[in-house]
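Note sheet for the following structure.
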Amino acid sequence: MEVHIEEKQSFTVIGKMGQGLSSKSTEWIPKLWQEANQNFSEISNLAKKDSAGNLIGIWGAMSDVSERFERWTEQGKYLAGCEVLDDSVAPNGWTKWVIPSYKFAVMKCNQNTYRDKFKYMVNEYIPNHNYSIVGAVHEYYNPFEEIGDLNLYFPIERIYDK
């Protein structure tokens with residue numbers, strides 16, 4: 001399975017935010033995407049775009065319930081949105097998060113392979129490469145890729161043997 005390591009500076013996402021049980025995420029997260037997609041025109045002018053005017057990226061950003069960008073426990077928060085200019089102000093009904101700078105282990109998947117690839121990263125790739133996960137995992141949807149394809153961004157740090 002192909003994994004690449006990427007250093008990413010902090011970035012800003014505005015989206016529709018929800019909180020729920022981790023075990024029920026497949027029930028409450030799709031509703032956030034539906035709401036974000038239906039109302040995208042409210043934030044489209046804030047979205048980061050490339051030189052051709054295309055969106056830079058759509059994010060499913062995650063955080064612990066205290067919004068410290070820690071990993072989910074029994075509950076978590078999810079922000080369905082897009083990357084925006086850092087000085088953007090979230091309109092009423094939208095939430096703005098500034099995702100911290102991290103080194104990420106990134107793996108491509110789709111809705112059918114999501115669970116297996118997530119488990120592979122957590123249980124095999126990350127520990128076998130002497131890394132630990134140091135925050136919440138984020139989903140990146142590249143507008144130029146097939147619908148349903150995404151990249152999982154695992155924030156990592158090297159574990160040093162003493």
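Note that this is a predicted model, so its numbers are computed, not measured. Positions are given from 1 along the sequence.
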If you compare all heavy atoms of [X] against all heavy atoms of [Y], which two are closest, and at what distance to 0.1 Å?
| X | Y | answer |
| --- | --- | --- |
| L55 | A47 | CD2-CB, 3.4 Å |
| P143 | G57 | CD-CA, 4.0 Å |
| V89 | L46 | O-CD1, 3.6 Å |
| C82 | I58 | CB-CD1, 3.8 Å |
| A105 | M121 | CB-CE, 3.6 Å |
| Q75 | V65 | CB-CG1, 3.8 Å |

Gap separating the [atom1] atom of [X] from the [atom2] atom of [Y], nearest 0.5 angstrom:
| X | Y | atom1 | atom2 | value |
| --- | --- | --- | --- | --- |
| I14 | W94 | CD1 | CH2 | 8.5 Å |
| M62 | L152 | CE | CG | 7.0 Å |
| I147 | N110 | CD1 | CG | 13.0 Å |
| T73 | D64 | OG1 | CG | 7.5 Å |
| N151 | H138 | CG | NE2 | 13.5 Å |
| T12 | K48 | OG1 | NZ | 7.0 Å |

Quick one: does any side-chain atom of [X] pair with a main-chain N or O of [Y] as donor and acceptor, under 3.5 Å?
| X | Y | value |
| --- | --- | --- |
| K16 | G93 | yes |
| S63 | F69 | yes |
| N123 | K119 | yes |
| K117 | K108 | yes |

pair [X]-[Y]: side-chain heavy atoms closer than 4.5 Å:
| X | Y | value |
| --- | --- | --- |
| I5 | K103 | yes |
| F118 | C109 | no |
| I56 | F11 | no |
| Y153 | W59 | yes |
| R71 | V137 | no |
| M17 | L32 | no |

Under a 4.5 Å side-chain heavy-atom rule over Ile, Leu, Val, Met, Phe, Trp and Tyr, are [X] and [Y] clustered together?
| X | Y | answer |
| --- | --- | --- |
| Y114 | V3 | yes |
| I29 | Y140 | no |
| Y131 | F104 | no |
| I99 | Y141 | no |
| I126 | V122 | yes |

Could you tell me if the ring centre of Y102 sits under 6.0 Å from that of F154?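 No, they do not, as the ring centres are separated by 6.0 Å or more.
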Does atom CD of E157 have more than 12 heavy-atom neighbours from other groups under 6.0 Å away?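 No, not enclosed.
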Would the number of heavy atoms belonging to other residues, nucleotides or ligands and lying under 6.0 Å from NZ of K31 be above 12?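 Open.
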Identified side chain to side chain donor-acceptor pair (under 3.5 Å) counterpart of Y78 within the set W72, W33, W28: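 It is W33; the other options fail the test.
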Looking at E67 and K77, does any basic side-chain N land under 4.0 Å from a carboxylate oxygen?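 Between K77 and E67 there is a salt bridge, with a charged N closer than 4.0 Å to a carboxylate O.
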Test side-chain contact (heavy atoms from CB on, under 4.5 Å) on Q111 and L150; report intermediate values, then the result. CA-CA 8 Å; Q111 298 305 322; L150 65 138; 3.5 Å; yes
Could you go through Y125 and I156, starting from their C-alpha distance and side-chain angles, then the distance that decides it, and tell me whether this counts as side-chain contact (heavy atoms from CB on, under 4.5 Å)? CA-CA 11 Å; Y125 181 87; I156 56 170; 6.0 Å; no
